[in-house]
Asker: 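Before I ask anything, let me first share the structure, which is written out below as structure tokens.
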Amino acid sequence: MKKKLFLFLGVLIVSCQNTTKKTTTVDHEENYRPSFHFTPKNNWMNDPNGMFFFNDTYHLYFQHYPEGNVWGPMHWGHATSKNLVDWEEQPIALYPDEMGYIFSGSAIVDSNNTSGFGKDGKTPIVAIFTHHNMDKERAKQIDVETQSIAYSLDEGMTWTKYEGNPVIENPKIRDFRDPKVTWHQDTEQWILTLAAHDNVRFYSSPNLKEWTYLSDFGQDIGHHGGVWECPDLFPLKEKNSGETKWVLLVSVNPGGPNQGSATQYFIGYFDGENFTLDPEFANELEHQNNFWVDFGRDNYAGVTWQNTKKANGNKLFMGWMSNWDYAQVVPTQKWRSSMTIAREVGLINTENGYRLTSTPVENAFALLQKSSDQNQDLNGWKKLELNPNFNEKVGYRLSNHLGEVLEFGFDANTNQFYVDRTAAGRKDFSEKFAHRVSFAPRISNDKTIKGIMLLDKTSIELFWDNGTTIFTEIFFPNAPFTQMEKF
Ligand code: FRU
């Protein structure tokens with residue numbers, strides 16, 4: 001009996017080995033899975049949520065449907081990292097309940113126990129998120145979305161929902177979501193920024209439970225191709241002068257610079273009650289209205305980490321590396337979507353005015369060093385340099401033996417960067433995926449164009465001119481890109 005079982009198992013193992021061997025050559029799943037960008041082990045992911053830093057650990061939560069590879073009942077998945085590059089997925093943090101799905105939101109380290117949730121000297125972490133009620137949505141009611149809180153006394157691993165939820169009732173606005181909380185030092189209170197259809201609303205609180213409406217911003221300002229989502233408000237120091245400005249990020253879907261989802265930004269001042277645009281910025285906005293965190297098609301709903309302190313005052317940021325135009329049909333089945341690399345966001349006053357800058361977090365360079373060798377595996381990071389003459393189009397082409405090509409570069413005729421994924425592999429899964437080239441204006445006037453490229457099998461992130469123009473795009477070649485040519 002035993003012998004027979006072993007024989008049977010032996011045959012099974014051999015035949016399994018054979019099938020896995022066979023399938024890996026045709027199965028794109030793991031070939032497509034990025035090696036240094038976060039992806040959920042299984043199934044669907046969208047926005048990053050609740051990012052905070054505590055006790056040497058970076059926490060990342062995310063919109064997650066653990067039972068399917070398309071959007072569904074939203075949970076908060078969870079991952080942790082010591083270095084912002086290597087992520088370890090943790091058990092699910094928040095499950096949907098009778099009040100609804102758990103939509104996007106933020107989390108803060110409540111060091112002074114303002115919430116009173118702390119116990120036995122344990123620092124409470126408080127999450128604030130949107131409860132999205134599907135019964136109300138189906139019944140076409142308007143008050144579908146409310147804001148709720150939960151707290152954790154074990155550093156973000158397990159959570160208890162507050163019995164007094166919701167903490168902000170719906171004021172009869174259908175799209176009313178994605179709360180982002182920050183501590184406002186000058187007025188010593190919590191400030192919550194919320195997307196409310198076509199504007200953002202600010203609320204204040206002493207204890208994260210009782211919220212007072214303060215003001216709104218943006219109804220006729222910026223881009224309104226679609227609904228406003230996932231705002232973030234934070235101060236930044238201008239790189240050279242050290243002066244402080246307030247930055248407001250607002251995602252909009254659709255309405256991005258190259259169609260679909262994208263994140264715009266505003267620079268101004270927040271006094272604890274109102275956000276007002278910087279006069280110079282307001283003037284520029286009126287003339288060009290082209291201020292995007294990323295001009296590529298695949299960086300959406302990004303927000304910053306709470307409780308990190310960089311000496312230069314910069315913030316840490318991460319976005320969802322996809323676009324609602326096609327996110328649910330991209331050709332991966334086991335997992336769907338990854339996050340961008342973690343980025344350091346700063347502010348610079350250029351000859352052309354204030355600009356937000358993004359660069360990969362420093363850790364990324366050291367950790368990905370091995371693969372940056374110019375002639376080996378293209379995955380990893382590389383320095384780029386272009387010296388366009390008048391009227392010239394210059395750039396790089398990544399290709400494989402099948403003749404598939406991803407081209408990107410700069411066109412001096414139009415003073416624009418571009419990324420062209422129209423011939424970069426699979427695209428038949430969506431008419432909206434690769435039907436056109438993406439463009440971004442150049443901000444810098446430097447003669448030489450310097451950049452950094454991050455390549456990770458199915459994604460490219462381009463950081464041009466010290467991070468003043470950013471491009472993030474995904475693609476699905478039928479064989480890995482092995483050649484890189486400059487033209
Ligand atoms: C943005 C978004 C948020 C919402 C979440 C739902 O991508 O639509 O506004 O909270 O996704 O998953």
Side-chain angles (χ1 to χ4, degrees), residues 40 43-51 60-78 92-97 99-107 127-134 136-137 143-150 166 168 170 173-181 192-201 218 223-232 249-256 259-264 293-294 297-304 317-330 336-340 472 474:
N43 288 318
W44 173 261
M45 172 175 83
N46 56 293
D47 315 357
N49 295 149
M51 295 122 92
L60 165 69
Y61 299 84
F62 52 93
Q63 289 287 279
H64 187 33
Y65 179 36
E67 274 139 48
N69 63 11
V70 291
W71 190 89
M74 282 292 114
H75 300 54
W76 273 25
H78 183 201
I92 286 171
L94 292 169
Y95 286 81
D97 54 44
M99 291 178 68
Y101 293 179
I102 313 297
F103 270 23
S104 287
S106 52
I128 176 148
F129 55 87
T130 299
H131 257 129
H132 181 98
N133 189 312
M134 285 307 285
K136 290 190 175 181
E137 177 179 324
D143 56 342
V144 171
E145 298 181 327
T146 53
Q147 318 314 319
S148 292
I149 58 177
I168 301 180
N170 186 294
I173 299 175
R174 172 59 182 77
D175 297 296
F176 186 69
R177 58 178 176 264
D178 309 339
K180 181 77 163 76
V181 171
L192 181 150
T193 310
L194 190 68
H197 187 63
D198 60 356
N199 61 83
V200 296
R201 298 192 152 208
H223 287 272
H224 288 277
V227 75
W228 279 21
E229 300 183 316
C230 300
D232 193 3
L249 307 184
V250 181
S251 284
V252 60
N253 177 53
Q259 299 185 352
S261 328
T263 304
Q264 59 190 322
V293 169
D294 195 316
R297 300 202 66 201
D298 299 296
N299 179 357
Y300 191 60
V303 287
T304 60
F317 167 101
M318 186 177 264
W320 173 44
M321 200 150 59
S322 198
N323 189 310
W324 282 116
D325 270 0
Y326 44 74
Q328 304 195 72
V329 294
V330 295
R336 268 228 177 97
S337 301
S338 59
M339 295 299 180
T340 67
T472 303
I474 57 173

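Just so you know, these numbers come straight off a predicted model, no measurement behind them. The first residue of the sequence shown is numbered 1, and numbering continues consecutively from there. For ligands, and for the atoms within them, numbers begin at 1 and follow the listed sequence.
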Asker: Considering only heavy atoms of M74, which atoms of ligand 1 have at least one such atom less than 4.0 Å away?
Answerer: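 Contacts of ligand 1 toward M74, numbered from 1: 12 (O).
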Asker: What are the two closest heavy atoms between W71 and Y65, and how far apart are they?
Answerer: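 Reported closest heavy-atom pair: C-CD2, 4.2 Å.
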Asker: Any chance the side chains of W324 and N253 put a donor and an acceptor closer than 3.5 Å?
Answerer: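 Short answer, no.
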Asker: Could you tell me, atom by atom, which parts of ligand 1 come under 4.0 Å of a heavy atom of Y300?
Answerer: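 Once the distances to Y300 are compared, the set is 1 (C), 7 (O).
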Asker: Under a 4.5 Å cut-off applied to non-hydrogen side-chain atoms, are V303 and S106 in contact?
Answerer: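 Side-chain contact under 4.5 Å: no.
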Asker: For atom 8 (O) of ligand 1, find the nearest protein heavy atom and state the residue, atom name and distance (0.1 Å precision).
Answerer: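 Going by distance alone, atom 8 (O) of ligand 1 is nearest to E229 OE2, 2.8 Å.
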Asker: Which ligand 1 atoms does F103 reach within 4.0 Å, using its non-hydrogen atoms?
Answerer: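 Selected atoms, number and element: 4 (C), 6 (C), 10 (O).
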Asker: Please report the closest heavy-atom contact between R336 and N69, naming both atoms and the distance.
Answerer: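 Shortest heavy-atom separation between R336 and N69 comes out as NH1-O, 2.6 Å.
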Asker: For the pair E145 (side chain) and F176 (backbone), establish whether a donor and an acceptor sit closer than 3.5 Å, ignoring hydrogens and angles.
Answerer: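 Judged by distance alone, yes, a pair lies under 3.5 Å.
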Asker: Hey, looking at atom 10 (O) of ligand 1, which of D178, D47, N49, N323 has the closest heavy atom?
Answerer: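 It is D178 that holds the nearest heavy atom.
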Asker: Does the side chain of M99 come within less than 4.5 Å of N133's, by heavy atoms?
Answerer: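 Of all side-chain heavy-atom pairs linking M99 with N133, none is under 4.5 Å.
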Asker: Walk me through whether D175 and R177 qualify under salt bridge (Lys or Arg N to Asp or Glu O under 4.0 Å).
Answerer: CA-CA 6 Å; D175 297 296; R177 58 178 176 264; 2.9 Å; yes
Asker: For N46, which part has a heavy atom under 4.0 Å from ligand 1: side chain, backbone, both, or neither?
Answerer: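 For N46, only side-chain atoms sit under 4.0 Å from ligand 1.
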Asker: At the 4.0 Å heavy-atom cut-off, does Y101 count as touching ligand 1?
Answerer: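 It does not, in that no heavy atom of Y101 comes within the 4.0 Å cut-off of ligand 1.
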Asker: Short list, please: which atoms of ligand 1 are under 4.0 Å from a heavy atom of Q63?
Answerer: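 Under 4.0 Å from Q63, ligand 1 has these atoms: 5 (C), 6 (C), 12 (O).
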Asker: Could you tell me which atoms of ligand 1, counted from 1 in the order shown, lie closer than 4.0 angstrom to a heavy atom of S104?
Answerer: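 By the 4.0 Å cutoff, the relevant atoms are 5 (C), 10 (O).
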